[in-house]
Every structure is written in structure tokens, then in C-alpha cells.
Enquirer: 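Below is a structure I'd like to ask you about.
As the structure is a prediction and not an experimental result, all values here were calculated from the model. Side-chain atoms are counted along with the backbone in the values below, which use heavy atoms only and exclude waters and symmetry mates. Start at 1 and go down the list; that is how both ligands and their atoms are numbered.
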Amino acid sequence: MVADPPRGDPKAEPTANGAPTLVPIEDPGATGGGCGGSRDRVRRCLRANLLVLLTVVAVVAGVALGLGVSGAGGALALGPARLAAFAFPGELLLRLLKMIILPLVVCSLIGGAASLDSSALGRLGAWALLFFLVTTLLASALGVGLALALRPGAAFAAINASVGTSGAAEEAPSKEVLDSFLDLVRNIFPSNLVSAAFRSYSTSYENRWINGTKVKVPIGDEVESMNILGLVVFAIVFGVALRKLGPEGELLIRFFNSFNDATMVLVSWIMWYAPVGILFLVAGKIVEMEDVGMLFASLGKYILCCLLGHAIHGLLVLPLIYFLFTRKNPYRFLWGIMTALATAFGTSSSSATLPLMMKCVEERNGVTKHISRFILPIGATVNMDGAALFQCVAAVFIAQLNQRSLDFVKIITILVTATASSVGAAGIPAGGVLTLAIILEAVNLPVRDISLILAVDWLVDRSCTVLNVEGDAFGAGLLQNYVDRSELQSSVPELIQVKSEKPLSPLPIPTEEGNPLLKCCPGPAGDADPCEKESVM
Ligand code: ASP
């Protein structure tokens with residue numbers, strides 16, 4: 001099941017995370033971008049980081065191409081048909097990534113949950129959720145702080161004059177905060193697993209006249225959008241149940257592990273198409289935009305606030321947390337996931353970035369499969385630092401725009417609801433804007449002003465998505481570090497991974513409670529680490 005042609009004899013080398021990974025012998029400086037010295041080394045380094053470099057170049061080339069085509073007349077000159085053809089290579093990447101999400105999330109979580117015993121699963125899950133919660137709260141606080149300091153909504157008159165607001169949103173009754181949270185819980189328990197693959201539950205409202213009075217009536221409906229939260233929860237619980245079956249569940253666990261491995265091989269092929277797709281995704285979006293200058297002039301401060309917040313959280317706060325816990329270079333870790341970050345920027349979707357992120361953290365940052373394939377799908381679904389940050393900026397911005405003062409209680413309400421609503425935000429383009437209404441409702445701000453946020457969301461959403469996926473990756477890196485450290489401190493194995501390569505044999509029933517240790521089952525003789533087979537980078 002090896003995807004790529006052999007690239008030399010592998011040997012174990014430390015990665016950005018310090019864990020050993022397989023690196024071709026002729027590429028001594030291949031991991032995490034640690035290059036230096038002679039021309040030969042630089043050449044090897046370039047070769048080892050080829051995909052990362054291609055992706056970064058693709059983003060820059062996409063911006064240049066987009067600006068060039070815009071300068072030559074843009075969407076107007078191209079016409080709708082040619083514009084669609086121009087954006088086609090990008091659309092193709094999105095389709096490929098979306099195609100892979102469902103099998104990847106379900107199989108990796110079932111395999112991941114089944115590979116951990118329940119106490120370790122609980123402990124790892126609790127640490128991950130704590131990390132996600134704390135970092136999202138920090139991001140929210142940063143967003144509120146920046147928006148209060150920079151006052152992006154102070155020039156409200158200019159914004160209203162230039163962009164204008166639509167009154168249409170006022171006509172439709174807005175959703176209650178309680179309903180948003182009830183929908184979140186309903187989606188955790190999908191009534192139909194098959195329809196959860198492409199539909200989610202959502203409550204909307206209708207005005208009805210009852211006995212001469214206008215009444216807001218809630219109407220629950222299934223809307224077109226994958227219910228990834230429901231699938232994540234089901235897959236975890238199903239994985240735990242399979243493990244409980246013991247030997248009887250082993251066959252199915254191997255089936256899901258094999259399915260997952262094959263899906264990752266597909267991902268490794270898609271990765272080489274990513275630079276082309278990203279180039280056209282970015283260029284296509286820039287060409288599509290009209291009046292970019294006007295938007296920047298009127299909403300520039302709001303955009304600045306969001307981008308600055310994302311940069312501070314992504315380049316300082318998260319790396320600092322990672323460094324404090326691991327004492328390892330966080331920027332080397334970031335370099336390792338650069339391809340995934342560029343994909344997040346190009347696609348504006350955490351879900352679509354998930355396959356490449358798994359590949360990056362496993363192969364470049366030394367995170368083991370059972371950590372990455374358990375934590376990353378959860379992170380991509382519930383951890384959205386970027387979304388929480390931008391939602392806080394947007395809420396304060398709209399308050400300033402409407403000259404409403406925000407007291408301490410309202411600020412705390414914004415922080416808490418932004419953190420909670422970011423959990424409910426889907427990892428799709430503009431997923432965060434959809435849940436912004438919850439925060440605005442909670443602090444009694446006009447929901448119609450979301451139209452302003454939407455006008456520039458094509459840009460803010462990109463940096464937001466980059467931060468969302470970066471938070472997930474750092475979470476996986478920290479968890480790996482925690483497991484590695486526990487492994488050093490204890491000799492009692494607790495986490496046993498089920499391997500698809502091993503001949504069928506009864507699953508060890510977990511008995512011990514103790515430090516979470518990851519133990520890879522031995523593979524065929526001579527196989528240094530059967531967990532790390534398919535490789536692309
Ligand atoms: N686009 C973001 C993501 O996929 C969600 C958001 O809009 O904040 O992570």
C-alpha cells in the first residue's frame with residue numbers, strides 16, 4: 001500500500017515535533033525546513049520542501065495573476081462563461097478535497113477512537129478540548145481588545161454612505177440564541193446518518209398571524225450542508241463501541257483503518273495538484289471582486305483589525321503556547337504545515353484542508369497517526385480561533401457603527417457566545433458569518449449589519465481559516481508532546497493501536513489505568529514503523 005515510488009532507504013530522523021519520522025537517507029536536511037550550508041545542502045533542502053515552496057509560490061502567483069486580470073478588465077471583460085473557465089482549476093481542487101472529507105473523517109475517527117482505550121481517550125480528548133477552549137477564549141479576548149482599541153466602526157457615517165446596508169434582513173425574523181444552541185445539540189444527534197452526510201438541521205422563523213397578532217413561529221428544517229459535528233460524534237462513539245467488542249470488533253476496526261490508509265494515499269496524490277488549484281482559487285476570487293478599492297477605503301479598519309488579530313494570535317500567541325509546553329521551535333512546526341495553511345487560505349474551508357493537514361502533521365511534524373487522525377477531525381469541527389476572533393471584532397464593530405456602548409457584561413457575553421458559536425460554525429467558506437447572528441442577538445445588536453461583514457468576508461475568511469487550522473495543528477503537536485513525555489515517564493503501555501498489517505488476533509482488552517502511552521504494534525520484519533507507510537513529502 002505504498003503510494004509513491006521509493007525515494008531511498010529510510011532512516012529515522014527527528015522532526016519539528018521531535019518525534020522520529022521516515023526521511024530518505026539522501027535528504028539529511030529534509031525535515032521541517034532545517035537547511036543551511038553548502039549549495040548541495042540548499043539543493044537538497046529545496047527538493048525536500050518542493051511542495052511547500054510550490055504552494056507558497058502559488059498563493060503569490062494567484063494574487064499577481066488575479067490583480068493582472070483585474071487590471072485588464074476583470075470579470076466584466078472576461079464575461080461569466082470565461083470567468084467560470086478561469087476559476088475551473090480551483091473549483092476542481094475544492095471538489096477533490098470535499099470528496100475526501102466524508103470517508104476521511106468517519107474512518108479516521110472510528111479507527112482513532114478504537115485505537116485508544118477509554119481512559120486514555122478521555123484524557124487525550126479532555127486535554128485537546130481544554131486547549132481548544134482556552135485558545136479560542138484568548139482569540140476572542142484579543143478580538144474584542146483590538147476592536148476596542150482601534151475602533152474600526154467609529155467612521156460609521158462614511159461606511160454607511162459608501163457601502164450601504166440592506167434592509168432585507170430586517171424583514172425576516174431573526175433566530176433566537178436558544179434555537180441556535182438547540183440546533184447545535186440536535187446536530188450532534190443526527191436522526192439519519194445518511195442524510196447527515198449532506199444535510200444539517202436548522203431552525204428558521206416565519207411570521208404568522210394568529211388571532212390578529214403577528215407571531216414568530218419556529219420552523220425546523222434540514223438544510224444543504226454536511227452535518228460534520230453529528231458524524232464526528234457518531235464516529236467516536238462507534239469506535240469506542242467497536243473496541244468494547246474486543247476480538248469481535250477487530251475485523252471492522254481493520255476495515256476502517258485500511259479504508260483510512262487508502263484515503264490518505266488519495267490525499268497524497270491530490271496534494272500535488274494543490275498548488276495549481278490554489279493559484280486559480282486565489283486569482284479567481286480576486287478577479288470576481290468588484291470595487292475592491294472602495295471596500296478597502298470604507299471597511300479598511302475592520303479588515304485591518306481582523307488580519308492583525310489573526311496575525312498576532314497565529315504568529316505569537318499559539319507559537320508561544322506551543323513553545324512553553326514543548327520547548328521546541330514553533331516556527332519550524334509552522335513551516336511543516338505550510339502546504340496546509342496555503343490550502344486553507346485558498347479554499348477558505350477547514351474541512352477541505354483537513355486531509356492535507358493530516359498529511360503535513362504526520363509526515364513533516366512527527367505527529368503519529370493515532371493522535372492526528374483522532375484530534376484533527378475534532379479540531380476542524382469544533383476549534384475555530386480565527387472565527388471567534390473575527391466574530392468578536394465584527395460584534396464590537398457593529399456596536400460602534402450603531403453607536404451602542406458595550407458594558408462589561410456585554411463584553412463578557414460577546415466573549416462567551418463567540419467562543420460557543422465558533423464551535424457551531426461549519427468549516428466551510430463563510431461558516432463563521434452564519435453564526436455571527438447568535439452573538440449579535442445575544443447583545444441585542446442589529447443582525448442586518450451582517451451585510452457589511454459579508455462584503456469583505458471573502459478576504460477575512462481566508463486568514464480566519466488559516467488560523468482555525470493552525471490551532472488544530474498546534475493542538476495535535478502539543479498532544480503528541482504530552483504523549484511522548486508520558487511515554488518516557490512510564491513503562492506501562494496504555495494505548496494500543498490496532499494495525500491493519502498485523503495478522504488477525506484478539507484485541508488486547510485494556511486493563512491498566514495510568515500514563516497514556518502509545519504503542520505501535522510490530523509490523524512485518526524490517527518495517528521500521530508500519531504506522532507511517534504512505535508518504536508524499
Ligand atoms: N471558513 C472558516 C473555516 O472553514 C469558517 C469561518 O467562516 O470562520 O474554518
Enquirer: Using a 3.5 Å cut-off on N or O atoms only, is F390 in polar contact with ligand 1?
Expert: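 N/O-N/O distance under 3.5 Å: no.
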
Enquirer: Considering distance alone, does some N or O of G431 sit under 3.5 Å from an N or O of ligand 1?
Expert: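 Yes; the residue has a nitrogen or oxygen that sits under 3.5 Å from a nitrogen or oxygen of the ligand.
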
Enquirer: So, K369 and E362, do they make that salt bridge, N to O below 4.0 Å?
Expert: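 The answer is no: the pair does not qualify as a salt bridge.
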
Enquirer: Less than 4.0 Å between a side-chain N and a carboxylate O, is that true for R199 and D221?
Expert: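 Salt bridge absent between D221 and R199.
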
Enquirer: Would you mind telling me if ligand 1 is within reach of the side chain of C464, the backbone, both or neither, using heavy atoms under 4.0 Å?
Expert: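 Side chain only.
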
Enquirer: How far is atom 6 (C) of ligand 1 from the closest protein heavy atom, and which atom is that?
Expert: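 Residue, atom and distance for the closest contact: G432 N, 3.1 Å.
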
Enquirer: With a 4.0 Å cut-off on heavy atoms, is G386 in contact with ligand 1?
Expert: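 No; G386 lies far enough from ligand 1 that no heavy-atom distance drops under 4.0 Å.
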
Enquirer: G427 versus ligand 1: do any nitrogen or oxygen atoms come within less than 3.5 Å of each other?
Expert: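 Yes, since at least one N or O of G427 sits under 3.5 Å from an N or O of ligand 1.
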
Enquirer: Taking atom types as modelled, is there a side-chain donor on S200 or N187 under 3.5 Å from an acceptor on the other?
Expert: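 No, because no side-chain N or O of S200 sits under 3.5 Å from a partner of the opposite role on N187.
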
Enquirer: Name the orientation class of the two ring planes belonging to F474 and F333 (parallel below 30°, tilted from 30 to 60°, perpendicular beyond 60°).
Expert: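 Plane angle under 30°, so parallel.
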
Enquirer: Can A380 be said to touch ligand 1, with heavy atoms closer than 4.0 Å?
Expert: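 No, that is not the case, since the closest heavy atom of the residue is not under 4.0 Å from the ligand.
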
Enquirer: Looking only at N/O atoms, are S351 and ligand 1 under 3.5 Å apart anywhere?
Expert: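 No; every N/O pair is 3.5 Å or more apart.
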
Enquirer: Under 4.0 Å, heavy-atom basis, I'd like to know which part of I428 is in contact with ligand 1: side chain, backbone, both or neither.
Expert: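 Backbone only; the side chain of I428 stays clear of ligand 1.
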
Enquirer: Which residue owns the protein heavy atom closest to atom 2 (C) of ligand 1, what's the atom, and how far is it?
Expert: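 Result: T465 OG1, 3.3 Å.
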
Enquirer: With a heavy-atom distance limit of 4.0 Å, tell me whether S422 approaches ligand 1 through its side chain, its backbone, both, or neither.
Expert: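 Within the 4.0 Å criterion, S422 makes no contact with ligand 1.
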
Enquirer: Do any heavy atoms of S349 fall under 4.0 Å from ligand 1?
Expert: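 S349: in contact with ligand 1 (<4.0 Å).
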
Enquirer: Strictly by modelled atom types, are Q391 and S422 linked by a side-chain donor-acceptor pair under 3.5 Å?
Expert: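 No, because no side-chain N or O of Q391 sits under 3.5 Å from a partner of the opposite role on S422.
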
Enquirer: Please determine if R186 and D183 form a salt bridge, counting it only when a charged side-chain N lies under 4.0 Å from a carboxylate O.
Expert: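 Judged by the 4.0 Å cut-off on N to carboxylate O distance, R186 and D183 do form a salt bridge.
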
Enquirer: Do you know which two heavy atoms are closest between V276 and P89, and how far apart they sit?
Expert: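 Residues V276 and P89, closest heavy atoms: CG1-CB, 4.4 Å.
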
